[in-house]
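Okay, structure first, notes after.
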Amino acid sequence: MQECLEVFAQMLRESRFASERPRVGLEIELNLVDDRAEPAMRNTEALEAIADPAWSTELGRFNLEINVPPRRLTEGGPDAWESAIRDALNHADERARSVGAHLIMVGILPTLRQEHVDESALSENARYRLLNDQVFAARGEDLRLDIDGVDRLRTYADTITPEAACTSTQFHLQVSPQEFPRYWNAAQAIAGVQVALAANSPFLFGRELWHETRVPLFEQATDTRPQEIKEQGVRPRVWFGERWINSVFDLFEENLRYFPALLPLLDEQDPARTLEEGGIPELGELTLHNGTIYRWNRPVYAVSEDTPHVRVENRCLPAGPTVADTLANGAFYYGLTRALVDEERPVWSRMSFQAAEDNLHTAARYGIESQLYWPGMGEVPVPELVLRRLLPLAHRGLELSGMDDAWREPLLGVIEQRCVTVRNGAVWQKETFHRLAATHPDRHEALRRMTELYIDYMHLNAPAHTWPTD
């Protein structure tokens, strides 16, 4: 890893990276359910039926992931990306039905019970088994899950499979190494706002917890530190970070300095020799290690079409509820970060890093009803912050990126109406559950019926703020 880091530094000095016509990308993690909206442990069968290399397994047998091909942000007109994503998801859902499974985009599957996340739920990929073994070898004790929300969750796990409950949307943005620090800093600054607007994970193991319970669950389910190590100040592997950066190198160097390797795998390529001979090194050990450090905005090094590039992987958002919601979230993220990096006095120069991290956890707990800190405004309700300050910036950023009104207005209009109605996926789930629970004393049955309704509305692709609760 040290040799990879030194080669990476040399490549940065020699400006060997792609920097023109940056592209955006998208990954969506999904859950598999049966005809009763209960978890379906059938990802191997579903993948065989889908038979598309864009799809892959995730940690749990009830998970799948689609890697949507990268594209230019304004490529193909206003409906092209949405149509491509919906076509891919609908085709996969149709094929999955042939093996008795259905796809659902949601941050945490509401019908998931704790017995669904034991060791038998780990996907067959040997890497997941190795990761599980290494996490518990480092910990030397069971995982403790401890989340206080509307209800209270206190439990233990002897595998990392509870992490599989967290299904997310990941937006990728390829930028030049010179631009990377500003884009990463901007993404960190708005992470709390993103989570507040898009929260969609209020239930875990039958309990009503945070609006975006994914955040504390993910932080705890992948923690390699026993209690005494935590008390010594050792950093967690699910990590917001601790400072604004000046170079993409800072993040990879932190990875090596603060975190021991979890996966003892070696790549055959010698990165220094490959670079010396005029080739493009894959930096296999560095990228593998980077994949086991779960930053909410992760740096990515990759080689595409024989050219290396770096990109920001925005990982803080849940999956769903719909493709329309997902693309609205993406438009807000891409537009807002573009506008913020162009400001003369950037937001990260006026805001402490700790305030940005505090915003993330406040937003995860209270969702769109949060009050978050923003420079020049102080503590402000999320809808007011977005409508008054951030939405106009997102429009400007998308306009600077070449996106005209015909595309911008419908996408950012979804964000605007979420703020006007103060409704998103988490709010709908909570309200619908409580309505159903009033007539269904069995809590799980109310969650199951709510999940069935969620799937019906998801397929209609109307944004979640429009979904009825009666």
Practice problem: Would you check, one step at a time, whether the test side-chain contact (heavy atoms from CB on, under 4.5 Å) holds for Leu130 with Asn132? | Solution: CA-CA 5 Å; Leu130 177 60; Asn132 180 76; over 6 Å; no
Quiz item: Can any side-chain N or O of Arg214 pair as donor or acceptor with the backbone N or O of Ile108 at less than 3.5 Å?
Solution: no
Exercise. Please check if the side chain of Thr169 supplies one atom and the backbone of Pro318 the other of a donor-acceptor pair under 3.5 Å.
Key: yes
Practice problem: Answer yes or no: is there a donor N or O on one side and an acceptor on the other, between the side chain of Thr213 and the main chain of Ser201, under 3.5 Å? | Solution: yes
Exercise. Kindly compute the distance separating CZ (Arg311) from CZ (Phe17), expressed to the nearest 0.5 Å.
Key: 12.5 Å
Exercise. Consider only side-chain N and O atoms of Glu163 and Thr222, and report whether a donor and an acceptor are under 3.5 Å apart.
Key: no
Exercise. Without swapping roles, check the side chain of Glu65 against the backbone of Glu58 for a donor-acceptor pair under 3.5 Å.
Key: no
Practice problem: Look up atom CD1 in Ile50 and atom CH2 in Trp55, then write down how far apart they are to the nearest 0.5 Å. | Solution: 5.0 Å
Exercise. Without swapping roles, check the side chain of Asn43 against the backbone of Gly60 for a donor-acceptor pair under 3.5 Å.
Key: yes
Quiz item: Is there a donor-acceptor pair closer than 3.5 Å between any side-chain N or O of Arg298 and the backbone N or O of Gly291?
Solution: yes
Quiz item: Heavy atoms, side chains only, cut-off 4.5 Å: are Asp325 and Val414 in contact?
Solution: yes
Quiz prompt | Under 3.5 Å: donor-acceptor pair, side chain of Asn200, backbone of Glu212 | solution = no
Quiz item: Salt-bridged, Asp93 to Arg97, with N to O below 4.0 Å?
Solution: yes
Quiz item: Under 3.5 Å, side chain of Trp184 to main-chain N/O of Asn297, donor-acceptor pair present?
Solution: yes
Exercise. Answer yes when Arg338 and Asp342 have at least one side-chain N-carboxylate O distance shorter than 4.0 Å, and no when they do not.
Key: yes
Quiz prompt | Pair Ser123-Asn125, side-chain donor/acceptor within less than 3.5 Å | solution = no
Quiz prompt | Whether Glu75 side chain and Arg72 backbone form a donor-acceptor pair below 3.5 Å | solution = yes
Quiz item: Hey, do the aromatic rings of Trp239 and Phe259 have their centres closer than 6.0 Å?
Solution: yes
Quiz item: To the nearest 0.5 Å, what is the distance between CG (Leu256) and CD (Glu254)?
Solution: 11.0 Å
Quiz item: Is the gap between the ring centers of Phe252 and Tyr301 under 6.0 Å?
Solution: no
Quiz prompt | Spacing of Ile280 atom CD1 and Ser304 atom OG [to the nearest 0.5 Å] | solution = 12.0 Å
Quiz item: Taking it one step at a time, do Glu343 and Leu393 satisfy side-chain contact (heavy atoms from CB on, under 4.5 Å)?
Solution: CA-CA 10 Å; Glu343 289 187 320; Leu393 287 173; 4.2 Å; yes
Quiz item: Roughly how far, to the nearest 0.5 Å, is the OG1 atom of Thr74 from the CG atom of Leu398?
Solution: 10.0 Å
Quiz item: Do Phe203 and Trp210 have their ring centres less than 6.0 Å from each other?
Solution: no
Quiz item: Sub-3.5 Å donor-acceptor pair from the side chain of Asn461 to the main-chain atoms of Ala324, do we have one?
Solution: yes
Quiz prompt | Criterion salt bridge (Lys or Arg N to Asp or Glu O under 4.0 Å) on Glu45 and Arg61, from CA distance to verdict | solution = CA-CA 10 Å; Glu45 299 94 319; Arg61 291 179 184 270; over 6 Å; no
Exercise. Compute the centroid of each ring, for Trp244 and then for Phe353, and state whether the two points are separated by less than 6.0 Å.
Key: yes
Quiz item: Between Gln354 and Ser352, does any side-chain donor sit less than 3.5 Å from a side-chain acceptor?
Solution: no
